[in-house]
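Let me begin by presenting the structure, written as structure tokens, before commenting on it.
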Protein chains: 4
Amino acid sequence: MIERSFNKKMSPRSKEQNEVIRQQSMTSIKEAALEMFAKYGYHSTKISQIAKEAGISNGLLYNYFGGKEELLRAIVKDAMDQNDAGWLMALQSDVPPKEKITLAVEATFENIKSNVHYWKLLSALAFQPDVQKSMEDLVMAKKELYINLLIELFQEMGYAEPEREVFYFGAILDGIFLHYMNMQDAYPLDMMKDMVLQRYR
Amino acid sequence: MIERSFNKKMSPRSKEQNEVIRQQSMTSIKEAALEMFAKYGYHSTKISQIAKEAGISNGLLYNYFGGKEELLRAIVKDAMDQNDAGWLMALQSDVPPKEKITLAVEATFENIKSNVHYWKLLSALAFQPDVQKSMEDLVMAKKELYINLLIELFQEMGYAEPEREVFYFGAILDGIFLHYMNMQDAYPLDMMKDMVLQRYR
Amino acid sequence: MIERSFNKKMSPRSKEQNEVIRQQSMTSIKEAALEMFAKYGYHSTKISQIAKEAGISNGLLYNYFGGKEELLRAIVKDAMDQNDAGWLMALQSDVPPKEKITLAVEATFENIKSNVHYWKLLSALAFQPDVQKSMEDLVMAKKELYINLLIELFQEMGYAEPEREVFYFGAILDGIFLHYMNMQDAYPLDMMKDMVLQRYR
Amino acid sequence: MIERSFNKKMSPRSKEQNEVIRQQSMTSIKEAALEMFAKYGYHSTKISQIAKEAGISNGLLYNYFGGKEELLRAIVKDAMDQNDAGWLMALQSDVPPKEKITLAVEATFENIKSNVHYWKLLSALAFQPDVQKSMEDLVMAKKELYINLLIELFQEMGYAEPEREVFYFGAILDGIFLHYMNMQDAYPLDMMKDMVLQRYR
DNA sequence: GATGAATGAGTGTTCATTCAT
DNA sequence: GATGAATGAACACTCATTCAT
């Protein structure tokens with residue numbers, strides 16, 4: 001907990017200081033929320049628990065986020081942005097197509113391993129029709145983007161029916177991630193990665 | 001209410017008559033609940049909605065099921081039993097291994113197409129840590145069974161590392177089903193099935 | 001459970017037979033209800049439990065009693081009538097006053113020992129303002145009667161302030177019964193009886 | 001709402017201010033609940049009635065008490081603590097035994113008169129097997145304590161069978177209080193007190 | 001007389017959200 | 001910016017009572 005109070009005699013905080021404080025608070029809220037959403041599910045996670053875990057008061061949460069759902073949206077957005085980095089870098093890099101797919105797969109598996117919480121949450125949301133709906137716009141945009149990039153890639157790789165391959169490729173990856181989410185360390189993630197890569201070598 | 005036997009004595013219903021009534025009520029409750037759980041999610045589906053959809057009173061639901069969660073359990077159990085039929089018939093049938101896997105895959109895809117609600121629900125539950133926990137026992141038992149049957153099958157088919165193949169096979173199937181659940185009729189389910197079967201021919 | 005059904009071919013029951021059946025049912029209902037009211041409290045005893053314990057259906061109970069509260073009234077009435085017997089016999093018997101009080105005390109203690117359920121119930125009701133109100137008329141009538149009989153008795157026994165003595169006497173008895181209700185067999189009931197009698201010898 | 005310190009900073013309430021608010025709320029809830037439990041009975045008193053009477057919302061009650069039963073426990077505990085004061089002071093005071101019993105009796109009768117609600121509630125609970133059970137631990141502890149103190153006292157006073165006397169003494173007191181609870185102002189409480197004291201002088 | 005499926009008003013409890021400070 | 005007391009709509013569940021058979 002950063003030293004925030006007990007500055008009765010101090011001069012008022014500057015704009016910058018305030019911004020820093022805001023960012024810190026928002027981050028710790030989002031971190032706490034992400035962990036708990038992933039661990040206990042969206043509906044079962046209570047605002048008060050998040051606030052407690054984040055070390056702030058219930059009310060403050062509403063200074064930064066419009067409500068529970070908006071908080072979720074912010075997290076989902078973060079998750080997606082974070083995922084983009086490696087993925088896009090791979091797909092848009094300047095190497096031969098076969099390299100690209102390898103890079104992309106490697107990046108994704110790495111990402112998954114180091115951000116289990118994000119992925120758990122995203123997977124879960126994919127199946128919660130109620131919550132899902134309010135995230136649909138976010139997800140759809142990304143989905144479009146990725147699918148198009150992949151189609152292009154498989155075309156370059158010489159697939160006659162690139163769309164078909166995209167569907168299949170996507171299914172394998174999501175299936176693997178799904179199982180990994182459920183079994184965690186008991187899952188042979190690297191072995192699966194190799195099997196995936198084998199198909200494209 | 002097709003026929004009301006009008007007996008002067010007004011004797012109470014027979015045990016059999018009551019059993020029929022009970023089964024009808026339970027079925028309509030489970031059907032309504034399944035549909036709404038799948039469509040709106042477990043937490044967002046309210047008991048009163050289910051009762052309304054089933055055409056009964058709130059209270060009656062509690063004559064047949066101990067509560068919301070027990071109702072869910074009953075549905076999940078039904079879903080699993082229903083799935084078993086085709087799957088086990090294929091795996092335990094008396095045909096060459098390669099035929100078996102084909103039969104099993106065909107059966108599963110058929111099952112999925114005709115029971116989207118069940119599968120949507122099961123998929124969703126797989127990602128809801130809170131609800132999931134209370135279903136764990138039900139799921140685990142099945143999982144064990146299927147995995148063992150599959151390992152055996154892949155062994156017969158000559159795979160050097162049958163377990164690895166089971167994981168991979170399972171991931172593909174689950175990935176496909178996952179996407180199908182989300183996209184429904186827009187998903188090229190049959191095409192994906194062919195791609196799966198190709199691998200084992 | 002008396003053989004009640006399976007008489008398809010039998011001639012209709014006579015008025016008398018019906019009356020017997022009615023009495024049996026009412027008695028078994030009241031017995032079951034008394035026991036459970038005493039054991040678990042009025043509010044915590046459910047109609048369905050009573051019906052089960054009495055070996056009848058929920059609905060039948062309403063053929064005999066207007067509802068839960070009316071059932072309670074019927075039981076309370078029984079309890080009072082039963083208590084009257086020994087008590088009145090003693091007070092109205094043709095023996096010297098000092099004998100009378102002894103007889104009455106003896107009778108009451110006997111009664112208590114053999115009808116713990118009745119007394120537990122009555123005691124409890126005395127303190128449940130909600131339930132109590134609907135029984136008030138029943139209780140008041142008896143109370144009046146007993147108090148008057150006792151005043152008369154203590155007068156005969158030569159007490160200068162018979163009313164005062166009635167209050168005191170009543171308090172002792174009720175206090176003892178109260179403790180007995182709570183401690184049951186662990187309570188030195190006979191010893192207490194002797195202490196009471198001592199005062200009036 | 002006597003005074004609202006209007007500080008520009010709108011800083012949150014201090015720990016102490018909050019504590020005061022909390023105590024006030026808890027007290028008004030307990031007071032309302034005590035009155036209504038005593039007047040209408042535990043089961044017949046609804047949470048919403050208590051909240052209304054206390055001038056708060058339903059929900060707030062749950063900020064302070066885990067539920068209806070815990071609220072009852074808190075009240076019972078208060079009642080007992082309050083009762084202890086005079087009673088223990090008398091029994092543990094440094095006067096001759098005969099004085100002690102007089103002091104204790106006086107204290108108890110005073111206490112009863114000024115805390116009718118508490119006593120009504122406690123008496124009622126003594127007869128409600130369902131509610132009683134959850135309070136048993138609270139009651140038992142006190143009971144032990146008092147009985148032992150009394151036994152000691154009667155021993156000092158020279159009674160050959162002090163335990164017997166404790167039972168009798170307790171029965172008389174409880175019987176009197178019981179009647180007082182029921183008849184309230186119509187009961188000759190002081191007269192009864194004198195009769196009790198007479199026995200020990 | 002007897003049954004038990006069905007009802008639905010009523011209740012305790014939860015929790016996202018607000019707002020005075 | 002920060003707090004946490006307070007709100008109240010919403011919900012799961014209970015159970016006395018009804019009524020078709």
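Residue numbers begin at 1 in each chain, while the letters A, B, ... track the order of the sequences. Source: prediction; values computed, not measured.
Put simply, CG on A:Asp130 is 14 Å from P on E:dA16, counting in whole angstrom units. Going from atom CZ of B:Arg22 over to atom P of E:dT3 covers 16 Å, rounded to whole Å. Atoms CD (D:Gln24) and P (F:dA5) sit 13 Å apart, rounded to a whole Å. One can place CD of D:Glu16 at 12 Å from P of F:dG4, the figure rounded to the nearest angstrom. If you take CD of A:Glu70 and P of E:dT17, they are 10 Å apart, rounded to a whole angstrom. A straight line from CD of B:Gln17 to P of E:dA6 spans 13 Å, rounded to a whole angstrom. Distance, D:Leu61 CG to F:dA6 C1': 12 Å, rounded to whole Å. For the pair C:Met36 CE and F:dC15 P, the computed distance is 12 Å after rounding to whole Å.
With DNA chain F read from its 5' end, the first of the two nearest nucleotides for D:Asn63 and B:Gly66 is the one closest to D:Asn63. Summary of the strand contacts: D:Lys68 and B:Tyr64 both lie near DNA chain E, and taking for each the nucleotide with the nearest heavy atom, the more 5' one is attributed to B:Tyr64.
Taking a pair as Watson-Crick or G-U wobble with both distances under 3.5 Å, the runs of three or more consecutive pairs in DNA chain F are E:2-21 with F:2-21.
Side-chain contact check for D:Gln49 and D:Glu53: no donor-acceptor pair (N or O, by modelled atom type) lies under 3.5 Å.
Using a 4.5 Å heavy-atom threshold, the side chains of B:Gln132 and B:Leu125 count as separate. Inter-residue side-chain proximity for B:Glu19 and B:Gln23 is flagged as met; some heavy-atom pair is nearer than 4.5 Å. Taking 4.5 Å as the limit, every side-chain heavy atom of A:Phe65 sits out of range of all side-chain heavy atoms of A:Leu72.
Here B:Arg73 pairs with B:Asp137 in a salt bridge; the nearest charged N to carboxylate O distance falls below 4.0 Å.
At distances below 3.5 Å, at least one donor-acceptor pair connects side-chain atoms of D:Lys68 with backbone N or O atoms of D:Thr45. D:Arg22 places no side-chain N or O within 3.5 Å of a backbone atom of D:Tyr64 that could act as its donor or acceptor partner. With hydrogens and angles ignored, the 3.5 Å screen pairs no side-chain donor or acceptor of A:Ser44 with any backbone N or O of A:Gly41.
B:Tyr62 has a side-chain polar atom (N or O) that falls below the 4.0 Å cut-off from OP1 or OP2 of F:dC13. An OP1 or OP2 oxygen of E:dA2 is reached within less than 4.0 angstrom by a side-chain nitrogen or oxygen of C:Ser25. A close approach under 4.0 Å does not occur between any side-chain nitrogen or oxygen of D:Arg13 and OP1 or OP2 of F:dA5.
Taking every heavy atom of residues 43-60 of chain D and every atom of DNA chain F, pairs under 4.0 Å involve D:Ile56, D:Ser57, D:Gly59, D:Leu60, by number.
Within the 4.0 angstrom heavy-atom criterion, no nucleotide atom of any strand lies near D:Phe65. Residue contacts for D:Asn18: at a heavy-atom cut-off of 4.0 Å it reaches the sugar-phosphate backbone alone, with no base atom in range.
Between C:Phe127 and D:Phe127, the angle of the ring planes stays under 30°, which puts this pair in the parallel group of the 30/60° scheme.
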